[in-house]
There are 2 protein chains.
Amino acid sequence: MTVQATRTARRRDQSTSAAAGREAVLKAALEAFFAHGFHDTSMRKIADGAGTAISHAYYYFPSKLEILRTLMIGVTTDLIHILEAARDAAGPDPVQRLAALVRNHVRLHTERQAESFVANTELRSLSATERQEVVDLRDHIATLFKDVVDDGLRQGCFTTTHRDEAVLAIVTMCTAVAGWYRSGGAKAPEAIADAYVTLALGMLGYHGPSPVTDQATPQAR
Amino acid sequence: MTVQATRTARRRDQSTSAAAGREAVLKAALEAFFAHGFHDTSMRKIADGAGTAISHAYYYFPSKLEILRTLMIGVTTDLIHILEAARDAAGPDPVQRLAALVRNHVRLHTERQAESFVANTELRSLSATERQEVVDLRDHIATLFKDVVDDGLRQGCFTTTHRDEAVLAIVTMCTAVAGWYRSGGAKAPEAIADAYVTLALGMLGYHGPSPVTDQATPQAR
DNA sequence: ATCTGATTTGAACGAATGTTCAATCAAGTT
DNA sequence: AACTTGATTGAACATTCGTTCAAATCAGAT
């Protein structure tokens with residue numbers, strides 16, 4: 001008991017401290033990738049940012065590329081899970097479901113802007129196999145939108161004759177938020193999300209009542 | 001006379017051959033930047049692609065960065081001139097003017113895809129002063145759209161309450177075409193342009209008759 | 001044939017890169 | 001106190017990078 005207790009305690013301490021070091025490297029790498037891009041970020045800068053030796057970063061990650069892969073896969077899988085949960089929680093109405101997808105897509109791209117931006121920007125920096133891994137995840141995200149749009153087209157609440165282009169444009173504009181959003185800017189994330197829901201529905205040829213609360217939303221000082 | 005003739009002839013020959021060499025370097029650089037990105041492209045690869053020695057590339061351009069700058073500024077200023085001409089040729093109607101802007105924006109991003117893609121992707125690779133130069137040009141492009149949208153809002157043909165977001169989304173989705181377009185793909189550039197005009201008008205809350213020819217457009221092999 | 005000036009090259013420079021590795025440290029176990 | 005084991009380091013590796021430069025090449029003019 002005592003033996004096992006101390007053993008697990010040690011293991012927890014080690015794993016948390018090890019995880020802390022790992023997280024520090026990830027965080028420093030993310031900041032640098034976000035600010036200057038993958039190829040313009042050296043392992044020395046990453047190690048400096050994390051406050052450790054260059055060789056210590058290699059204790060956690062076998063290569064610089066693996067750090068990038070970890071960041072990109074992490075945020076993308078998280079996004080998928082968030083979108084699926086939000087869609088399911090929105091009920092059966094395609095309009096509500098699409099609004100939930102757009103809203104949460106925008107929200108994550110503001111809340112985790114750096115990760116999202118890197119994931120969208122550094123695809124080419126990956127090697128073929130790893131790139132395909134991320135591309136598949138992104139295709140899955142597009143499919144989430146496409147299925148909901150198809151549902152709305154079947155039910156008649158969406159009327160666009162350009163489904164593919166509309167879906168692509170919606171995902172693109174939501175993704176691009178990570179490229180220009182500045183926290184403390186003119187619009188709060190929720191206001192941006194509301195606007196994007198309206199824009200997306202406009203592209204889909206939806207002419208029913210707005211699913212957006214739209215109560216002035218004067219937030220942001 | 002003869003002296004001057006031969007002199008200008010020589011100068012023309014030199015300038016054209018020099019221009020040819022310069023163009024070869026630019027072209028090779030563009031292809032490499034497009035395929036692998038700026039920081040992952042070495043001057044050696046560029047020189048190899050152009051069929052010359054490394055040191056000869058420096059005969060035309062003082063640095064790798066200057067090559068990138070030349071490409072980015074070139075396509076962006078061209079885009080501005082094309083958009084302004086198309087807008088003016090479209091007459092006074094805001095719907096027609098916006099359609100012309102969208103259509104030509106999409107067209108250039110398919111016809112000169114590599115340049116457009118690089119110009120949109122490698123902003124961070126520039127140094128501060130040069131980056132600002134390109135940012136100003138891109139701001140000017142956004143202003144072209146914004147002015148037409150404002151015109152349409154004033155005349156009542158556009159009804160959106162999210163002007164800024166709509167303009168940003170429209171420019172973004174048109175720009176993103178350079179990221180996924182494949183010549184010989186499912187849709188011909190003109191069909192894409194038509195679809196994007198409709199999507200843009202949907203975002204702006206335009207509910208009048210479609211300015212798109214929309215005659216089946218079965219193009220694409 | 002010589003000269004001139006633009007064009008083209010090979011070889012080298014120093015700096016920075018991603019990565020490796022043997023060695024040290026710290027702490028917990030026996 | 002000796003031992004194990006994960007955490008951490010400094011120094012070095014070979015390679016590649018952007019850039020430079022003196023020298024060679026070439027075509028047209030004299």
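Below, chain A is the first sequence line, B the second, and so on; all start at residue 1.
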Mind listing the N/O atom pairs, protein and nucleotides 21-25 of chain D, below 3.5 Å?
none

B:Tyr59 OH - C:dT7 P separation (whole Å): 3 Å
May I ask you to verify if any side-chain N or O of A:Tyr60 is less than 4.0 angstrom from the OP1 or OP2 atom of D:dA7? no
Candidate nucleotides C:dT9, D:dT8, C:dG18, ranked by approach to the side chain of B:Thr52 - the nearest: C:dT9
Could you state the atom-to-atom distance from CD1 of B:Ile67 to C1' of D:dG18 in whole Å? 11 Å
Qualifying residues under ring pair (Phe, Tyr, Trp, His ring centres under 6.0 Å), relative to B:Phe158, sequence neighbours excluded: none
For the pair made of NZ in A:Lys64 and C1' in C:dT17, what is the distance, rounded to whole Å? 8 Å
For B:Phe61, all residues meeting ring pair (Phe, Tyr, Trp, His ring centres under 6.0 Å), sequence neighbours excluded: none
Using a heavy-atom distance cut-off of less than 4.0 Å, which residues of residues 38-50 of chain B contact DNA chain C? B:Arg44
Can you confirm if the aromatic rings of B:His105 and B:Phe145 lie within a centre distance of less than 6.0 Å? yes
Taking the side chain from B:Arg124 and the backbone from A:Phe34, do they hold a donor-acceptor pair closer than 3.5 Å? yes
Please report the C-alpha distance between B:Glu84 and B:His140 in whole Å, then the side-chain angles of each, then the deciding distance to 0.1 Å, and finally whether the side-chain hydrogen bond (donor to acceptor under 3.5 Å, both in side chains) criterion is met. CA-CA 11 Å; B:Glu84 287 177 342; B:His140 182 54; 2.9 Å; yes
With sequence neighbours excluded, residues passing side-chain hydrogen bond (donor to acceptor under 3.5 Å, both in side chains) with A:Ser127: A:Glu130
Ignoring hydrogens and angles, tell me if any N or O in the side chain of B:Lys45 forms a donor-acceptor pair with the backbone of B:Asp40 under 3.5 Å. yes
Find the distance B:Ile54:CD1 to C:dT8:C1' and express it as a whole number of Å. 13 Å
Quick one: ring pair (Phe, Tyr, Trp, His ring centres under 6.0 Å) partners of A:Phe38, sequence neighbours excluded? A:Phe33
